[in-house]
Amino acid sequence: MMAAFPALAGLHHFAYRCRDAEETRHFYEDVLGLPLGAAVAHDRVPSTGETQPYVHIFFALGDGSMLAFFDLFDGHRCEPDPGTPSWVNHLAVRVRDRRALDQARRRLLDEEIEVVGIVDHGWFESIYFSDPNGIRLELVCPTAGPADLADMAAGAAETLRRALADHPVHAP
């Protein structure tokens, strides 16, 4: 019998490419208030050994996880997949409450950053905006209580089964 996969303890970091580490630092640290927690610079990729100068910057979230970015010093940003709608790939970060969501929205608008929402998803409310690299971000304020979340979890497999039955996957 195969051993069970060990429990995943939580997110350490999620990494994207950025076109300019200083522009990215300014946005995440000065606008969003995430402290720059680490920066490493290398001329070789530790995991592959290939030659590629880069700086890897990490911003700390309140739960100990981090958002990270690679600047490869070539001015290229993270490019979206042209076959995927722009609203699909995004990074959602939780805020404390609705007051914090309102405050974040006002601050982004003061910075002349385009904001979509506040959107009510039924179990959370959120706003959407993009960083300087074109990465879509979502700030989320949960509104569902523990019982509602437990009900959603209990019905998740059936909802997925029905959605897949109603919309069969077609091979490209």
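- Smallest separation of non-hydrogen atoms from Pro132 and Glu23: CB-CD, 3.5 Å.
- Linking ILVMFWY side-chain heavy atoms closer than 4.5 Å, directly or via other members, places Leu108 and Ile118 in a single hydrophobic cluster.
- Residue pairs meeting the ring pair (Phe, Tyr, Trp, His ring centres under 6.0 Å) criterion with at least one member in residues 117-146, sequence neighbours excluded, are His121-Phe124.
- Shown here for Leu149 and Ala144, the closest heavy-atom pair between the two residues is CD2-CB, 4.0 Å.
- Between Asp81 and Val88 the shortest side-chain heavy-atom distance does not fall below 4.5 Å.
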Trace of the side chain to side chain contact (heavy atoms under 4.5 Å, CB included) decision for Arg162 with His167:
CA-CA 8 Å; Arg162 278 195 217 133; His167 304 281; over 6 Å; no
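- To the nearest 0.5 Å, the span separating CD on Glu50 from CG on Asp43 amounts to 12.5 Å.
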Candidate pair Asp131 and Leu32, rule side chain to side chain contact (heavy atoms under 4.5 Å, CB included), full reasoning:
CA-CA 10 Å; Asp131 84 349; Leu32 298 188; over 6 Å; no
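- Shown here for Pro46 and Tyr54, the closest heavy-atom pair between the two residues is CD-OH, 3.2 Å.
- When all heavy atoms of Gly33 and Pro35 are compared, the pair lying nearest together is O-CD, 3.5 Å.
- Between Arg25 and Asp20 there is no salt bridge, since no side-chain N of the basic residue sits under 4.0 Å from a carboxylate O of the acidic one.
- For the pair Leu34 and Leu67, the minimum side-chain heavy-atom distance is below 4.5 Å.
- Cluster membership for Phe14 and Leu139, using ILVMFWY side-chain heavy atoms within less than 4.5 angstrom, is shared.
- Both Val115 and Leu91 are members of a single hydrophobic cluster when ILVMFWY side chains are connected at heavy-atom separations under 4.5 Å.
- A donor and an acceptor atom, one from each side chain of Arg44 and Thr51, are located under 3.5 Å apart.
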Evaluate side chain to side chain contact (heavy atoms under 4.5 Å, CB included) for Val40 paired with Val55, printing each intermediate quantity in order.
CA-CA 6 Å; Val40 295; Val55 64; over 6 Å; no
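- Two residues are said to be in side-chain contact when any heavy atoms from C-beta on lie closer than 4.5 Å; Phe59 and Glu29 meet this criterion.
- Contact record, Ile57 with Ala21: CD1-O, 3.7 Å, taken as the closest heavy-atom pair.
- For the atom pair Asn89 CG and Thr84 OG1, the distance stands at 5.5 Å (nearest 0.5 Å).
- Ring planes of Tyr16 and Phe69: parallel class, angle under 30° (limits at 30 and 60°).
- A side-chain donor from one of Thr24 and Asn133 sits under 3.5 Å from a side-chain acceptor of the other.
- A donor-acceptor pair shorter than 3.5 Å cannot be found between the side chains of Thr143 and Glu125.
- If you run side-chain hydrogen bond (donor to acceptor under 3.5 Å, both in side chains) between Asp102 and each of Arg106, Arg105, Arg98, only Arg98 comes through.
- For Arg161, the salt bridge (Lys or Arg N to Asp or Glu O under 4.0 Å) criterion is met by Glu158, not counting sequence neighbours.
- Taking both residues in full, the closest heavy atoms of Ala68 and His56 are given as CB-CE1, 3.5 Å, listed atom of the first, atom of the second, then distance.
- The shortest side-chain heavy-atom distance between Arg17 and Leu72 falls under the 4.5 Å cut-off.
- Atom NE2 of His12 is surrounded by 12 or fewer heavy atoms from other residues, nucleotides or ligands within 6.0 Å.
- The closest side-chain heavy-atom distance from Ile113 to Leu109 is not below 4.5 Å.
- With respect to the salt-bridge test (charged N to carboxylate O, under 4.0 angstrom), the residues Arg77 and Asp71 do not qualify.
- With contacts defined as side-chain heavy-atom distances shorter than 4.5 Å, the pair Glu138/His90 qualifies.
- The number of heavy-atom neighbours closer than 6.0 Å to CD of Glu114, taken from other residues, nucleotides and ligands shown, is 12 or below.
- Around CZ of Arg94, the count of heavy atoms belonging to other residues, nucleotides or ligands within 6.0 Å does not exceed 12.
- The structure places SG of Cys78 at 11.5 Å from CZ of Arg19, a figure rounded to the nearest 0.5 Å.
- Looking only at side-chain heavy atoms (C-beta outward), Tyr28 and Leu137 come within less than 4.5 Å of each other.
- Residues Val93 and Val140 fail the side-chain proximity criterion, which asks for heavy atoms closer than 4.5 Å.
- Counting only distance, with no hydrogens or angles, the side chain of Ser65 and the backbone of Leu61 share no donor-acceptor pair below 3.5 Å.
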